[in-house]
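Read through the structure below, which is laid out as structure tokens, and then see the notes.
For the single chain, residues carry numbers from 1 onward in sequence order.
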Amino acid sequence: LTRTPVVATHSAARGLADNTRNLSDAELDAIKANGGVVQVVPFNAYLLPSPADYAPRLKALRAQYGLAADKPGYQGADDLPAERRDAFFAAYRALSPQATLKDYVDHIDYIAKRIGADHVGVGTDFNHGSGIPGFRDEADAPNVTGELLARGYSEEQVDAIWGGNF
């Protein structure tokens with residue numbers, strides 16, 4: 001409905017991982033048509049499909065730590081005492097397979113192949129729980145660049161993906 005380009009800053013490709021925050025191919029196409037950009041964020045849950053038994057295991061984990069069973073993911077865990085919080089997060093991460101740098105760049109690659117490198121970018125949100133092995137924080141940014149170059153992206157395309165298209 002908008003004529004102003006749309007930027008989706010906390011998404012990945014639903015074609016690779018069916019998460020409600022991820023974008024369908026039709027949504028990706030609409031963002032391209034509108035001149036927008038999708039900034040893929042390295043949140044583990046956005047990059048890999050959840051295991052089939054994830055929901056009941058999460059509910060049990062939340063109950064074990066006295067967290068409301070009807071809340072999503074780790075919501076409320078930040079309020080736990082430090083030792084219990086650390087234990088909760090370790091158990092929470094163990095509920096799902098852990099995404100890798102390759103998985104992260106797979107989403108960028110999927111989107112770039114579908115709608116072009118001018119419409120996909122790197123998102124982060126490191127201060128709110130994102131980060132995966134190989135891209136845990138800004139110091140790991142060269143790893144993303146290296147993976148893009150290894151996949152055949154030109155320096156111009158990499159520059160666009162790193163924000164030149166924003």
Here the pair of heavy atoms bringing Ala8 nearest to Leu23 is CB-CD1, 3.8 Å

With side chains defined as the heavy atoms from C-beta onward, is the minimum distance between Ile115 and Val120 less than 4.5 Å?
-> no

Transitive ILVMFWY side-chain link Leu28 to Leu16, under 4.5 Å | yes

For Asp86, check side chain to side chain contact (heavy atoms under 4.5 Å, CB included) against everything at least two apart and list the hits.
-> none

Output for pair (Leu148 CG, Gln157 CD), nearest 0.5 Å, gives 9.0 Å

Backbone N/O of Ala69 and side chain of Arg62: donor-acceptor pair under 3.5 Å = no

CZ of Phe43 to CG of Leu48: how many Å apart, nearest 0.5 Å?
-> 14.5 Å

Report the distance from atom OH of Tyr65 to atom CG of Leu80, rounding to the nearest 0.5 Å.
-> 8.5 Å

With sequence neighbours excluded, what pairs up with Val37 under the side chain to side chain contact (heavy atoms under 4.5 Å, CB included) test?
-> Gln39, Asn165

Got a second to check how far Leu61's CG is from Tyr92's OH, nearest 0.5 Å?
-> 9.5 Å

Are Val38 and Val105 joined in one hydrophobic group, where the rule is that I, L, V, M, F, W and Y side chains link up if heavy atoms are under 4.5 Å apart?
-> yes

Under a 4.5 Å side-chain heavy-atom rule over Ile, Leu, Val, Met, Phe, Trp and Tyr, are Ile108 and Leu149 clustered together?
-> yes

Is the distance between the ring centroids of Phe126 and Phe135 less than 6.0 Å?
-> yes

Please confirm whether the backbone N or O of Val40 pairs with a side-chain atom of Tyr104, one donor and one acceptor, at under 3.5 Å?
-> yes

Using modelled atom types only, decide if a donor and an acceptor are shared between the side chain of Asn34 and the backbone of Thr4 within a distance under 3.5 Å.
-> yes

Keeping the roles fixed (side chain from Asn44, backbone from Arg93), state whether a donor-acceptor pair exists under 3.5 Å.
-> no

Sequence neighbours excluded - side-chain hydrogen bond (donor to acceptor under 3.5 Å, both in side chains) pairs with any residue from residues 68-84 = none

Counting N and O atoms only, with roles assigned by atom type, does the side chain of Arg21 sit under 3.5 Å from a partner on the main chain of Ala12, one being a donor and the other an acceptor?
-> no

Do any pairs count as a salt bridge (Lys or Arg N to Asp or Glu O under 4.0 Å) and have a residue in residues 146-166, sequence neighbours left out, and if so which ones?
-> Asp106-Arg151, Asp109-Arg151, Glu147-Arg151

Where do Val41 and Ser130 come nearest, in terms of heavy atoms and distance?
-> CG2-CB, 4.2 Å

Please answer: with hydrophobic residues joined when any side-chain heavy atoms are less than 4.5 Å apart, are Val122 and Val7 in the same cluster?
-> no

Could you check if a side-chain atom of Thr100 sits within less than 4.5 angstrom of a side-chain atom of Ile132, using non-hydrogen atoms only?
-> no

Smallest heavy-atom separation, Ile161 atom then Ala117 atom, equals CG1-O, 4.0 Å

Asp53: partners by side chain to side chain contact (heavy atoms under 4.5 Å, CB included), with sequence neighbours left out = Pro51, Arg57

Is there a side-chain contact between His119 and Ile111, using heavy atoms and a 4.5 Å cut-off?
-> no

Are the side chain of Asn22 and the backbone N or O of Ala17 linked by a donor-acceptor pair below 3.5 Å?
-> yes

In one Ile/Leu/Val/Met/Phe/Trp/Tyr side-chain cluster, 4.5 Å: Leu47, Phe89 | no

Who pairs with Tyr110 by ring pair (Phe, Tyr, Trp, His ring centres under 6.0 Å), at least two apart in sequence or on another chain?
-> none

